[in-house]
Number of protein chains: 2
Amino acid sequence: MGRSAEILQSHGLKKTGIRIKVIEMLDKMPYAVSQPELESHLSDEADRVTIYRTLNTLEEKGIVHKVIDREGLSRFAMCSSGCSEHKHHDEHLHFQCTRCSNIYCLSIPVEAQFNLPQGFEIHQMRIYVDGICKTCN
Amino acid sequence: MGRSAEILQSHGLKKTGIRIKVIEMLDKMPYAVSQPELESHLSDEADRVTIYRTLNTLEEKGIVHKVIDREGLSRFAMCSSGCSEHKHHDEHLHFQCTRCSNIYCLSIPVEAQFNLPQGFEIHQMRIYVDGICKTCN
DNA sequence: TTAAGTGCAAAATCTTTGCAAATGT
DNA sequence: ACATTTGCAAAGATTTTGCACTTAA
């Protein structure tokens with residue numbers, strides 16, 4: 001059984017053709033993929049609505065995570081280990097290239113320091129970096 | 001002449017009623033305001049389309065800046081000094097409350113350290129913090 | 001006076017929902 | 001067999017565009 005099928009099975013999801021193809025694509029891509037990108041790769045095999053539903057399901061189960069880009073559009077990437085159904089461990093750094101717009105989820109250690117004003121309580125931090133990616137550079 | 005009118009004049013924009021009202025509202029609010037919020041405050045005085053166009057114009061001129069929230073929706077806040085027509089100095093910290101969803105643009109010093117992989121070049125960093133704001137706490 | 005701004009209608013995107021048909025287990 | 005998933009159509013939500021009318025300078 002392939003890695004995609006294993007992932008689905010271990011999360012209690014049916015191993016359908018579309019889910020496997022979506023996971024395989026996200027697994028292969030070094031950056032977060034938008035729904036339109038997925039759609040154009042799967043256009044003859046899957047309906048747009050099914051792709052939306054697949055992505056939502058995979059996100060709910062902690063298999064992929066959604067990254068909102070600079071423009072407010074959703075992009076999806078495989079979760080690193082540490083995500084589960086109800087908690088996304090999503091403290092890595094998101095790098096969006098200003099040239100190709102691709103978002104790379106970089107698993108690098110980040111240290112950040114700041115003092116929130118009185119009364120503010122932090123739960124989670126998300127860091128976005130804009131710049132030029134290794135492919136465009 | 002009021003502060004809003006002065007801002008418009010100094011950026012070479014006509015001082016229209018709607019623009020003044022939008023700036024006054026953003027100026028008053030301690031957090032970033034969404035288009036729907038503005039719309040409900042101005043519904044009898046301005047068309048939805050005009051609000052969109054006003055916000056875009058003000059953003060282009062460096063008067064307000066747009067913050068994309070967790071859900072990918074746009075919210076707008078007055079720019080701190082340091083923004084100009086072509087460059088938004090937007091390195092402050094964005095705090096979004098998980099309870100009321102309001103986004104506070106906090107002008108506090110932030111120190112962040114990380115090493116990007118070879119070939120990645122940073123231009124700008126954006127930090128988003130999720131948690132509980134001072135009003136909900 | 002006249003270039004810019006506004007309102008209305010309509011379109012373009014992106015995303016979700018309802019329901020019947022198809023599919024995985 | 002049966003609950004889940006899929007496809008299609010339709011609706012929602014957000015944002016943009018076209019064009020005639022209005023307004024600030």
Side-chain angles (χ1 to χ4, degrees), chain A residues 1-2 4-24 32-61 63-76 85 101 103, chain B residues 1-2 4-24 32-61 63-76 85 101 103:
Chain A
M1 181 163 50
S4 305
E6 270 170 15
I7 290 173
L8 288 170
Q9 194 172 59
S10 68
H11 287 82
L13 292 173
K14 288 189 183 173
K15 291 170 272 182
T16 69
I18 310 241
R19 287 180 180 164
I20 289 176
K21 289 208 173 65
V22 167
I23 293 179
E24 277 174 353
V33 178
S34 64
Q35 182 279 336
E37 274 180 281
L38 276 163
E39 194 181 321
S40 70
H41 278 256
L42 303 175
S43 52
D44 6 305
E45 326 185 43
D47 186 74
R48 167 181 302 166
V49 174
T50 303
I51 297 177
Y52 276 111
R53 283 196 272 229
T54 299
L55 290 170
N56 285 339
T57 302
L58 296 181
E59 200 203 2
E60 281 165 15
K61 292 292 180 178
I63 298 170
V64 307
H65 71 272
K66 188 199 288 193
V67 189
I68 305 288
D69 75 9
R70 251 194 320 263
E71 316 296 319
L73 300 177
S74 300
R75 295 170 188 249
F76 295 86
E85 181 151 1
S101 294
I103 293 184
Chain B
M1 180 162 50
S4 305
E6 271 170 14
I7 290 173
L8 287 170
Q9 194 172 60
S10 69
H11 287 84
L13 292 173
K14 289 189 182 174
K15 289 170 273 184
T16 68
I18 311 243
R19 287 180 179 165
I20 290 176
K21 290 209 173 65
V22 167
I23 293 180
E24 277 175 353
V33 179
S34 64
Q35 184 278 336
E37 274 180 280
L38 276 163
E39 194 181 322
S40 70
H41 277 256
L42 303 175
S43 52
D44 6 306
E45 325 185 43
D47 186 75
R48 167 180 303 167
V49 173
T50 303
I51 297 177
Y52 275 111
R53 283 196 271 232
T54 299
L55 290 170
N56 285 338
T57 302
L58 296 180
E59 199 202 3
E60 280 165 16
K61 293 292 180 178
I63 298 171
V64 307
H65 71 273
K66 189 199 286 194
V67 189
I68 305 289
D69 74 10
R70 252 194 320 263
E71 316 296 319
L73 300 177
S74 300
R75 296 170 187 248
F76 295 86
E85 182 151 1
S101 294
I103 293 184

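Labels below follow one simple rule: chain letters A, B, ... track the order of the sequence lines, proteins then strands, and each chain is numbered from 1. In this text, all values refer to a predicted model and were calculated from it rather than measured experimentally.
At the phosphate of D/dT15, neither OP1 nor OP2 sits under 4.0 Å from any side-chain N or O atom of B/N56. Contact check, B/T57 against C/dG5: no side-chain N or O comes under 4.0 Å of OP1 or OP2. Put simply, A/T54 has no side-chain N or O that comes within less than 4.0 Å of OP1 or OP2 on D/dT5. Dashed line: the shortest gap from a side-chain N or O of A/Y52 to OP1 or OP2 of C/dT16 is not under 4.0 Å. Between A/R48 and the phosphate of D/dG7, there is no side-chain N or O to OP1/OP2 separation shorter than 4.0 Å.
Between B/I20 and B/K15 the shortest side-chain heavy-atom distance falls below 4.5 Å.
Along DNA chain D, the nucleotide nearest B/K14 and the nucleotide nearest B/V49 are compared for position; the residue whose nucleotide lies closer to the 5' end is B/V49. For B/T16 and B/G72, each mapped to the nucleotide of DNA chain D holding its nearest heavy atom, the one lying further toward the 5' end belongs to B/G72.
The base of D/dG7 sits within donor-acceptor range of the side chain of A/R53, with an N or O pair under 3.5 Å.
A/S74 OG to A/H65 NE2: the interatomic distance, rounded to the nearest 0.5 Å, is 11.5 Å.
Around atom CZ of A/R48, no more than 12 heavy atoms belonging to other residues, nucleotides or ligands sit under 6.0 Å away.
A/R75 places no side-chain N or O within donor-acceptor distance of the main-chain N or O of A/D69, the cut-off being under 3.5 Å.
The separation between A/K15 atom NZ and C/dT23 atom P is 17 Å, rounded to whole Å. As a whole-Å value, the separation of A/R19 CZ from D/dT6 C1' is 10 Å. As rounded to whole Å, 12 Å separates atom C1' of C/dA4 from atom NZ of B/K61. With rounding to whole Å, B/E39 atom CD is found 13 Å from C/dG7 atom C1'.
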